[in-house]
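One is the number of the first residue; the rest follow in order along the sequence. Since we're looking at a predicted model, the values are computed, not measured. Keep in mind that the numbers below use all heavy atoms, side chains included, and drop hydrogens, waters and symmetry copies.
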Amino acid sequence: QVQLVESGGGSVQAGGSLRLSCAASGRTFSDYPMGWFRQDPGKEREFVAGISRSGGSTSYADSVKGRFTISRDNAKNTMYLQMNMLKPEDTAVYYCAAALWLFADVVVRTPAAYKYWGQGTSVTVSS
């Protein structure tokens, strides 16, 4: 069983930065590809960034590429999302998630492939 808890959200002005953290509990944290997703009220959850189970591969949505950086520290059971040059359109509730184990060390982008989800942390970017 994997439990995920996000933190680090808040309100910032456009151009600012935030660092989100996702603390995971469980005995097999390093076995799971993980990712960050975001969702506005009334909209579908969308992929933001993903990282393979080893951390060797990453992938980003086009809208955040070059501004956001995903990373993980398996020894600390923690995943991070460094968000720089924030824009008002980045405003959303951000969720961390863990997918099922995969033999291949690849990134998973589709929400349907993720089994475990955190409760979310709110990010608001004002202009």
State, with a plain yes or no, whether a side-chain heavy atom of [X] is found less than 4.5 Å away from one of [Y].
X	Y	result
Tyr116	Gln3	no
Val5	Ser7	no
Val93	Val123	no
Tyr95	Leu4	no
Arg109	Ser59	yes
Ile70	Met34	no

Task: Residues Lys87 and Asp90 bridged, charged N to O under 4.0 Å - done: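 Salt bridge absent between Lys87 and Asp90.
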Task: Option among Asp105, Thr58, Leu102 that satisfies the side chain to side chain contact (heavy atoms under 4.5 Å, CB included) test with Ser52 - done: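 Filter result, single survivor: Asp105.
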- [ ] Quick one: sort the Tyr94 and Phe68 rings into parallel, tilted or perpendicular, breaks at 30° and 60°.
- [x]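 Tilted: the ring planes of Tyr94 and Phe68 meet at 30° to 60°.
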Would you compute the distance between atom [atom1] of [X] and atom [atom2] of [Y] and round it to the nearest 0.5 angstrom?
X	Y	atom1	atom2	value
Ile51	Ser57	CD1	OG	8.5 Å
Gln13	Ser126	CD	OG	5.0 Å
Ser127	Leu86	OG	CG	13.0 Å
Leu81	Trp36	CG	CH2	6.0 Å
Ser17	Met83	OG	CE	8.5 Å

Please answer whether the main-chain N or O of [Y] pairs with a side-chain N or O of [X] as donor and acceptor at a distance below 3.5 Å.
X	Y	value
Asn74	Arg53	yes
Thr91	Val125	yes
Arg67	Gln82	no

TODO: Assess whether atom CD of Gln119 is packed by more than 12 heavy atoms of other residues, nucleotides or ligands within 6.0 Å.
DONE: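 Yes, enclosed.
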Open item on the list: Would you say that more than 12 heavy atoms from the other residues, nucleotides or ligands in this model lie under 6.0 Å from the CD of Glu89, or not?
Closed with: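 Count over threshold, so yes.
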Open item on the list: On a heavy-atom basis, which atom in Ala99 and which in Tyr32 lie closest, and how many Å separate them?
Closed with: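 Smallest heavy-atom distance, with atoms named: O-CD2, 2.6 Å.
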Please tabulate, for the side chains in residues 41-48, all donor-acceptor contacts under 3.5 angstrom to protein atoms that are two or more places apart in sequence or on a different chain.
unit_1: Arg45; atom_1: NE; unit_2: Gln39; atom_2: OE1; d: 3.2
unit_1: Arg45; atom_1: NH2; unit_2: Gln39; atom_2: OE1; d: 3.2
unit_1: Glu46; atom_1: OE2; unit_2: Arg38; atom_2: NE; d: 2.8

Task: side-chain contact (heavy atoms from CB on, under 4.5 Å) evaluation trace for Val108 with Tyr114 - done: CA-CA 8 Å; Val108 177; Tyr114 284 82; 3.6 Å; yes
Task: Same apolar cluster: Phe37 and Val106, side chain cutoff 4.5 Å - done: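 Cluster IDs for Phe37 and Val106 match.
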Open item on the list: In this structure, would Tyr80 and Val12 fall into the same cluster of hydrophobic residues linked by side-chain contacts under 4.5 Å?
Closed with: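 No, separate clusters.
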TODO: Could you tell me whether the side chains of Asp73 and Thr78 share a donor-acceptor contact shorter than 3.5 Å?
DONE: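 No, Thr78 and Asp73 have no side-chain donor paired with an acceptor closer than 3.5 Å.
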- [ ] For Arg19, enumerate each residue passing the salt bridge (charged side-chain N to carboxylate O under 4.0 Å, His left out) test, keeping only those at least two apart in sequence or located in another chain.
- [x]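 For Arg19 there are no salt bridge (charged side-chain N to carboxylate O under 4.0 Å, His left out) partners, ignoring immediate neighbours.
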